[in-house]
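Written out below as structure tokens is the structure these notes cover.
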2 protein chains.
Amino acid sequence: MTSGTLVPVFAALGDETRWSILAALGEGDASASALAGRLPVSRQAIAKHLVVLQEVGLVEPVRVGREVRFRVIGAQLSDTARSLETIGAQWDRRLAAIKEIAEGL
Amino acid sequence: MTSGTLVPVFAALGDETRWSILAALGEGDASASALAGRLPVSRQAIAKHLVVLQEVGLVEPVRVGREVRFRVIGAQLSDTARSLETIGAQWDRRLAAIKEIAEGL
DNA sequence: AGTATGTGCAACTCTGGGGTTGCAGCAAGA
DNA sequence: TCTTGCTGCAACCCCAGAGTTGCACATACT
């Protein structure tokens with residue numbers, strides 16, 4: 001369920017404000033308004049970020065009464081991490097192979 | 001080493017063009033001019049991307065005669081992957097703990 | 001009922017970054 | 001030497017997106 005398109009996930013993770021949102025959510029689910037009280041940005045800005053985070057599966061909305069709290073989905077990070085690890089390993093293997101060839105083997 | 005500058009790495013990885021550059025470099029080191037022949041963007045655009053990739057340690061310049069070839073550094077991807085994995089695991093552990101509490105335990 | 005708080009939508013500004021073209025500089029081969 | 005091809009720098013365009021304000025709507029609480 002990593003959605004195959006991991007570039008948008010990285011784009012989502014490439015913003016400081018979104019990381020502070022994720023960090024804040026890491027200490028407990030919270031609504032956009034609650035987050036706006038803790039972070040130096042407006043509620044609407046946070047709402048937009050939450051949309052982005054939700055679209056890439058890093059966060060999940062949970063209705064609690066009339067408010068919408070958001071929860072971090074750690075599994076998405078783990079999946080993304082595994083994809084990265086795989087790609088990095090492939091490149092390292094290629095480099096190792098080239099090195100062997102270069103050294104005459 | 002990778003810790004403090006995590007976000008810029010993600011920002012660098014959050015661009016399709018840079019991924020195609022990385023993919024192209026994955027098949028062998030190449031110069032900006034060589035890449036410009038393979039990708040549908042100008043050499044200068046690629047040069048800028050290479051600067052970004054180099055700044056976050058995803059790529060390394062190698063002078064070969066009068067040209068500058070670039071090599072992918074897979075280790076940086078692996079390091080970043082490990083950081084992600086750790087964070088994701090922490091969040092998942094917190095969610096698990098909350099679930100236990102919620103279930104009465 | 002009325003009030004208050006949280007959410008959603010829309011318009012707007014403005015900076016950053018992806019992309020381009022053009023030109024100057026410089027190293028290697030003829 | 002001259003010439004060719006690769007690099008580096010600078011100026012410029014353009015749009016996506018981060019942020020704001022303002023207002024309308026809905027849902028809970030009294």
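A note on names: the letters A, B, ... follow the listed sequences, proteins ahead of strands, and every chain is numbered from 1.
Residue-to-nucleotide contacts include a donor-acceptor pair under 3.5 Å from the side chain of B:K48 to the base of C:dG19. For a distance-only test at 3.5 Å, the side chain of A:R66 qualifies as a donor-acceptor partner of the base of C:dT5. Not a single donor-acceptor pair, N or O on each side, falls under 3.5 Å between the base of C:dG18 and the side chain of B:E16. One cannot find a donor-acceptor pair under 3.5 Å joining the base of C:dG18 and the side-chain atoms of B:Q44. Residue B:R43 places no side-chain atom within donor-acceptor reach of the base of D:dG5, judged by atom type and a 3.5 Å distance cut-off alone.
Side-chain nitrogen and oxygen atoms of A:T17 include none within less than 4.0 Å of the OP1 or OP2 phosphate oxygen of D:dA18. Residue A:S42 places at least one side-chain N or O under 4.0 Å from the OP1 or OP2 atom of D:dT20.
Rounding to whole angstrom units, CD of residue B:E67 and C1' of C:dG29 are separated by 14 Å. Taking atom CG on B:L35 and atom C1' on C:dG19, their separation rounds to 16 Å, with Å as the unit. Summarising the geometry, the separation between CG on A:L39 and C1' on D:dT20 is reported as 16 Å, rounded to the nearest angstrom. Here the C1' atom of nucleotide C:dG17 and the CG atom of B:D15 are 9 Å apart, to the nearest Å. Between the CD1 atom of B:I46 and the P atom of D:dT7 there is a distance of 11 Å, given to the nearest Å. Look at CG on A:L50: it is 14 Å from P on C:dC9, rounded to the nearest Å. When rounded to the nearest whole Å, the span between CZ of B:F70 and C1' of D:dC6 equals 12 Å.
The nucleotide whose nearest atom lies closest to any side-chain atom of B:H49 is, among D:dC6, C:dG18, D:dG19, C:dG18. The side chain of A:S33 approaches C:dG6 more closely than any other nucleotide in the set C:dT21, C:dG6, D:dT20. Here the side chain of B:A32 is nearest to one of C:dT20, C:dT7, D:dT7, namely D:dT7.
Residues of residues 56-65 of chain B having a heavy atom closer than 4.0 Å to DNA chain D: none are found.
Remark: side-chain polar atoms of B:R69 are not paired, donor with acceptor, to backbone N or O of B:V64 under 3.5 angstrom.
Residue-to-nucleotide proximity on DNA chain D shows that, of A:V52 and B:A47, the 5′-proximal contact is made by B:A47.
The CZ atom of A:F10 sits 3.5 Å away from atom CG of A:L84, with the distance rounded to the nearest 0.5 Å. Summarising the geometry, atom OG belonging to B:S78 is positioned 12.5 Å from atom CD belonging to B:E85; distances are rounded to the nearest 0.5 Å. For the atom pair OG (B:S20) and NE2 (B:H49), the distance works out to 8.0 Å, reported to the nearest 0.5 Å. Here the CG atom belonging to A:L22 is positioned 5.0 Å from the CG atom belonging to A:L53, to the nearest 0.5 angstrom. Separating the CZ atom in B:R71 from the CG atom in B:D29 is a distance of 5.0 Å, to the nearest 0.5 Å.
When side chains are defined from C-beta on, B:T80 counts as touching B:L6, because their heavy atoms get closer than 4.5 Å.
Nucleic acid contact class of B:R69 (heavy atoms, under 4.0 Å, all strands): none.
Taken together through direct or relayed side-chain contacts under 4.5 Å among Ile, Leu, Val, Met, Phe, Trp and Tyr, A:L13 and B:W19 form part of one hydrophobic cluster.
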